[in-house]
Peer 1: 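For reference, the structure I am asking about is given below.
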Amino acid sequence: MELEQITSVSIIGSGTWGTALANLLAHKGIKTILCSKFAKDAVYLKEKLRHPNLPGAVLDSSIIFTSDLEYSVKASKILVLACPSIYVRDMANEMKPYFSEDQIIVNVSKGIEEETLFTMSEVIRDVLGRDTHVVVLSGPSHAEEVSVGLPTLITAASEVREDRKLVQKVFSNEYFRVYSNGDPKGVEIAAAFKNIIALACGIADGLGFGDNAKAAIVTRGLFEIMKLGQAMYCDPRTFSGLSGLGDIVVTSFSHHSRNHNAGVLFGQGIEYEEVLQRIGMVVEGVNSLKGAIKYANKFCIEMPIIFAVNDIVYNGKDPRVAVNELFDRELVGEKK
Ligand SMILES: NC(=O)c1ccc[n+]([C@@H]2O[C@H](COP(=O)([O-])OP(=O)(O)OC[C@H]3O[C@@H](n4cnc5c(N)ncnc54)[C@H](O)[C@@H]3O)[C@@H](O)[C@H]2O)c1
């Protein structure tokens, strides 16, 4: 498929990221359909040309705001799946009756399915068929910044060169530069688990720690994720790229990051229910934790930071006790 053949793009999911991507494509002059799960959301976006969680952005009036899934799926060759990871399987099932195998799904959702340990591409193929064309679009990209045109670099990953190159061309513009990558599994593993490292950095902030602690968490956290990726034959270079190190840095240090902000609350000793209630939006790192623990056990990989975060989030462990335990561990070489 060539760029000239792309007459429209449909985005399924009108959360902050789906909406920011719709604005980007519409600014580029591409006919863009933004499909909300709930009719009231489509009506709101159309009337106000604003998203409640993207206060700085004015939405392009050429966007077709709808909640008609059948129309949205049938309308475009490229379908962007932009809902939180916990809804990806259900959404793919809802799309299935209208989907045809010559379409390309661009997955932007970051997470792992807890029961199956599937990445989101694997979930999509499990539902829509194993030959479904899926491209993963992932990297350091806060919706708040993309929606107002701030410079952003991101990765489009697929085993199929033609697919990733097409997505690269469709999404790139003067402030959004897309790189291509042939290791989608590595990109998705990095994307799913970087949110846990952001939670850990937030916990460090909540405890009043300094920059040293966060630099250590980012470095050692990335090492934990890279070990996991290597056990799954992913390309180690992916983890030092945009979707690995890049996304960990942005998520761990930015005030836009709800994972980081949730971590701060956990670090202050606030309990699970209240943290989620105060954040008020999906915290993907919390959802990814159980998958990460299962993976670590399956491949016998030591992941002390990720296990500590899991203890704090799900087992109510006092964050200071968790930190003491991390420091009490046997002294080891840096590559272990
Ligand atoms: N926000 C970002 O900056 C950003 C950047 C890159 C990737 N992502 C990823 O994109 C995905 C979506 O994140 P977001 O920030 O846009 O989410 P969000 O929290 O802004 O929005 C969640 C959306 O899910 C919808 N929803 C609620 N119940 C649903 C259901 N049962 N089925 C389908 N949809 C339902 C809601 O209507 C809402 O529009 C996540 O996996 C996230 O990790 C987000």
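In listed order, ligands and their atoms are each counted from 1.
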Peer 1: Counting both backbone and side chain atoms, is some N or O of E144 under 3.5 Å from an N or O of ligand 1?
Peer 2: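 In this structure, E144 places no N or O atom under 3.5 Å from an N or O of ligand 1.
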
Peer 1: May I ask you to check if K290 and Y314 form a cation-pi contact, with NZ or CZ under 6.0 angstrom from the six-membered ring centre and within 45° of the axis?
Peer 2: yes

Peer 1: Describe, in one word, how the ring planes of Y272 and F266 are oriented to each other, choosing from parallel (under 30°), tilted (30 to 60°) and perpendicular (over 60°).
Peer 2: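 Rings of Y272 and F266: tilted, 30 to 60°.
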
Peer 1: Could you say whether the N/O atoms of H142 and ligand 1 ever approach to under 3.5 Å?
Peer 2: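 N/O-N/O distance under 3.5 Å: no.
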
Peer 1: Which of the atoms of ligand 1 are close to F38, meaning less than 4.0 Å from one of its heavy atoms?
Peer 2: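 Going through ligand 1 atom by atom, the ones under 4.0 Å from F38 are 27 (C), 28 (N), 37 (O).
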
Peer 1: So, using salt bridge (Lys or Arg N to Asp or Glu O under 4.0 Å) as the criterion, who are the partners of E145 when residues are at least two apart?
Peer 2: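 Expected list: none.
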
Peer 1: Within less than 4.0 angstrom of ligand 1, does G13 place any heavy atom?
Peer 2: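 G13 does not count as a contact of ligand 1 under the 4.0 Å cut-off.
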
Peer 1: For atom 28 (N) of ligand 1, grab the closest protein heavy atom and report residue, atom and distance to one decimal in Å.
Peer 2: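 In this structure, atom 28 (N) of ligand 1 has Y87 CE1, 3.4 Å as its nearest protein heavy atom.
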
Peer 1: Any nitrogen or oxygen of A143 lying under 3.5 Å from a nitrogen or oxygen in ligand 1? Just yes or no.
Peer 2: yes

Peer 1: Give a yes-or-no answer on whether the side chains of S72 and S10 include a donor-acceptor pair shorter than 3.5 Å.
Peer 2: no

Peer 1: Do me a favour and list the nearest non-hydrogen protein atom to atom 13 (O) of ligand 1 with residue, atom name and distance?
Peer 2: W17 CB, 4.5 Å

Peer 1: Quick check on contacts: which atoms of ligand 1 are under 4.0 angstrom from a heavy atom of M91?
Peer 2: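 So the atoms of ligand 1 that pass are 33 (C).
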
Peer 1: Checking a contact table here: which protein heavy atom is nearest atom 12 (C) of ligand 1, and how many Å away?
Peer 2: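 Looking only at protein heavy atoms, the one closest to atom 12 (C) of ligand 1 is A82 O, 3.6 Å.
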
Peer 1: Could you walk me through whether S257 and N259 pass the side-chain hydrogen bond (donor to acceptor under 3.5 Å, both in side chains) test, one step at a time?
Peer 2: CA-CA 5 Å; S257 165; N259 288 285; 4.6 Å; no

Peer 1: List ligand 1 atoms under 4.0 Å from S141, heavy atoms only on the residue side.
Peer 2: 3 (O), 5 (C), 6 (C)

Peer 1: Scan side-chain atoms only and decide if T238 and D183 contain a donor-acceptor pair under the 3.5 Å cut-off.
Peer 2: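 Yes, because at least one side-chain N or O of T238 sits under 3.5 Å from a partner of the opposite role on D183.
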
Peer 1: Ignoring hydrogens and angles, state whether a donor on the side chain of S100 or D102 is under 3.5 Å from an acceptor on the partner side chain.
Peer 2: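 The criterion, which ignores hydrogens and geometry beyond distance, is satisfied for D102 and S100.
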
Peer 1: Which of the numbered atoms in ligand 1 are below 4.0 angstrom from a heavy atom of S109?
Peer 2: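 Taking each heavy atom of S109 in turn, ligand 1 has 41 (O) under 4.0 Å.
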
Peer 1: Any idea how F171 and F176 line up, ring-wise: parallel (<30°), tilted (30 to 60°), or perpendicular (>60°)?
Peer 2: tilted

Peer 1: Stepwise, does the side chain to side chain contact (heavy atoms under 4.5 Å, CB included) test hold for C83 with V88?
Peer 2: CA-CA 6 Å; C83 60; V88 165; 4.0 Å; yes

Peer 1: Out of S138, P84, C83, S14, who gets a non-hydrogen atom closest to atom 23 (C) of ligand 1?
Peer 2: P84

Peer 1: Mind checking whether G111 has a heavy atom under 4.0 Å from ligand 1?
Peer 2: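 Contact absent.
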
Peer 1: Taking heavy atoms and a distance under 4.0 Å, where does E284 meet ligand 1: side chain, backbone, both or neither?
Peer 2: side chain

Peer 1: Does the N or O separation between T16 and ligand 1 drop below 3.5 Å for any pair?
Peer 2: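 By distance alone, the answer is yes.
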
Peer 1: Specify side chain, backbone, both or neither for H256, according to which of its non-hydrogen atoms lie closer than 4.0 Å to ligand 1.
Peer 2: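 For H256, no heavy atom sits under 4.0 Å from ligand 1.
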
Peer 1: Salt bridge check: are R220 and E224 linked by an N-O gap of less than 4.0 Å?
Peer 2: no

Peer 1: At the 4.0 Å heavy-atom cut-off, does V108 count as touching ligand 1?
Peer 2: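 Under 4.0 Å: yes for V108.
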
Peer 1: Regarding K185 and E122, does a basic nitrogen lie under 4.0 Å from an acidic carboxylate oxygen?
Peer 2: yes

Peer 1: Tell me whether D235 is salt-bridged to R237, with the criterion being a basic N under 4.0 Å from an acidic carboxylate O.
Peer 2: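 Yes.
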
Peer 1: Looking only at distances, please establish whether an N/O atom of ligand 1 is found under 3.5 Å from an N/O atom of R258.
Peer 2: yes

Peer 1: Heavy atoms only, cut-off 4.0 Å: how does A191 contact ligand 1, side chain, backbone, both, or neither?
Peer 2: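 It is neither part, as no heavy atom is under 4.0 Å.
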
Peer 1: Among the heavy atoms of M120, does any lie under 4.0 Å from an atom of ligand 1?
Peer 2: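 Heavy atoms of M120 never come under 4.0 Å of ligand 1.
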
Peer 1: Got an N/O contact under 3.5 Å between G15 and ligand 1?
Peer 2: yes

Peer 1: I'd like to know whether R329 forms a salt bridge (Lys or Arg N to Asp or Glu O under 4.0 Å) with E302, so could you lay out the CA-CA distance, the side-chain angles of the two residues, the decisive distance to 0.1 Å, and finally the verdict.
Peer 2: CA-CA 12 Å; R329 291 163 54 244; E302 254 192 278; 3.8 Å; yes

Peer 1: Check each heavy atom of D41 against ligand 1 and say whether those closer than 4.0 Å belong to the side chain, the backbone, both or neither.
Peer 2: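 Side chain only; the backbone of D41 stays clear of ligand 1.
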
